[in-house]
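Take a look at the structure set out below.
Side-chain atoms are counted along with the backbone in the values below, which use heavy atoms only and exclude waters and symmetry mates. Residues: numbered from 1 along the sequence shown.
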Amino acid sequence: METVSTARAHGGVQGVYRHASATTGTTMTFSVFVPDHAPGARLPVVWFLSGLTCTHANVTEKGEYRAACAELGLIFVAPDTSPRGEGVADAPEYDFGQGAGFYVDATQAPWSAHFHMRSYIEQELPALIAAEFPADTARQGITGHSMGGHGALTIGLRNPDRFRSVSAFAPIVAPSQVPWGRKALTGYLGDDSAVWRAHDAVALIEDGARLDALLVDQGDADPFLAEQLRPELLAAACDDAGIPLTLRLQPGYDHSYYCVSTFMADHLRWHAERLG
């Protein structure tokens, strides 16, 4: 692991790091905030997965999470959204290719060579964080925005023993049923919609996946609300499954980091309550 930069902030250290990923076959960059802590202490971890076109830098620069993490004693990890670099498949559209990995392990060429974001987030990067930072891997939460909200929901639902708290900001809740998701899932995983179900939060809940509780914030002025995000589908699935969902439709807020940063501290407190 190589340190790209570190800076003192809110009684902690904000760092940016990179490493050669065996999972993606590329160099991957991520950021980690570690609040001040007693020597030898192990701190709970909150993962933040970013959305379309983003890197680790979007939330690192705009997320306004450090003060709350310092207060609550939380490590905050922000990975990239996809593999990048020369020789890595890409597409001209903003919603596919580099910057749009959708947190799946691609099976279709040319994406299958490097686009293994599910394994990277579920396995490789957590092992690196546990080895290099004072992280308590028994106390992990996960959240994310938009495409990253999709990733947080699906990864949390598939790994409830690992992630004790799950939340999301304006997530794509049912990618199998919306244009962004159908395009990505077809391109990365092929035409068999049955395979998509493991990467669709609503489908996972319908198929038996469960969480103790879920928090979602969604702006009601979000231009993607009706066509791409459709939180009512998640609400119906959670209601049918008996999953306690707090879905807050925030008046006047859009899809940007102005919305994310406004409610970030609320989410971090919610995670901290569940992580101890």
Co-members of L215 in a cluster of I, L, V, M, F, W and Y side chains, linked at under 4.5 Å:
W270
Whichever hydrophobic residues join L268 through chains of side-chain contacts under 4.5 Å
F33, V46, F48, V59, Y65, L72, L74, F76, F169, Y253, Y257, V260, F263, M264, L275
Any idea how F96 and W111 line up, ring-wise: parallel (<30°), tilted (30 to 60°), or perpendicular (>60°)?
perpendicular
Strictly below 4.0 Å, N to O, side chains only: are [X] and [Y] in salt-bridge contact?
X	Y	result
R66	E64	no
R8	D36	yes
R118	D105	no

Heavy-atom side-chain proximity of Q14 to S31 below 4.5 angstrom:
yes
Listed by chain and number, what are the ring pair (Phe, Tyr, Trp, His ring centres under 6.0 Å) partners of [X], not counting sequence neighbours?
X	value
H255	H145, F224
H199	none
H10	none

Show me the side-chain donor-acceptor pairs of residues 179-190 shorter than 3.5 Å, one per line, residues at least two apart or across chains.
unit_1 : atom_1 : unit_2 : atom_2 : d
W180   : NE1    : Y94    : OH     : 3.0
R182   : NH1    : Q177   : O      : 2.9
K183   : NZ     : E93    : OE2    : 3.2
K183   : NZ     : D95    : OD1    : 2.7
T186   : OG1    : R182   : O      : 2.7
Y188   : OH     : G97    : N      : 2.9
Y188   : OH     : A100   : O      : 2.7

Looking at residues at least two apart in the chain, or sitting in another chain, which of them share a salt bridge (Lys or Arg N to Asp or Glu O under 4.0 Å) with E71?
none
Can you list the residues that meet the salt bridge (Lys or Arg N to Asp or Glu O under 4.0 Å) rule with D212, with sequence neighbours excluded?
none
Would I75 end up clustered with M1 when hydrophobic side chains under 4.5 Å apart are linked, directly or stepwise?
yes
Closest heavy-atom pair, A170 versus L229, reported as atoms and distance to 0.1 Å, is O-CD2, 3.6 Å
Please find the pair of heavy atoms, one from P44 and one from G276, that lie closest to each other, and give the distance.
CG-O, 4.1 Å
My understanding is that only residues two or more places apart in sequence, or in another chain, count here; which of them pass side-chain hydrogen bond (donor to acceptor under 3.5 Å, both in side chains) with [X]?
X	answer
S82	none
Q228	none
D239	none
S176	D200

Donor-acceptor pair, side chain of [X] and main chain of [Y], under 3.5 angstrom:
X	Y	value
D220	G252	yes
H116	T23	yes
T154	G151	yes
H114	T24	yes

Assess the pair Y17 and F133: is the distance between their ring centroids shorter than 6.0 Å?
yes
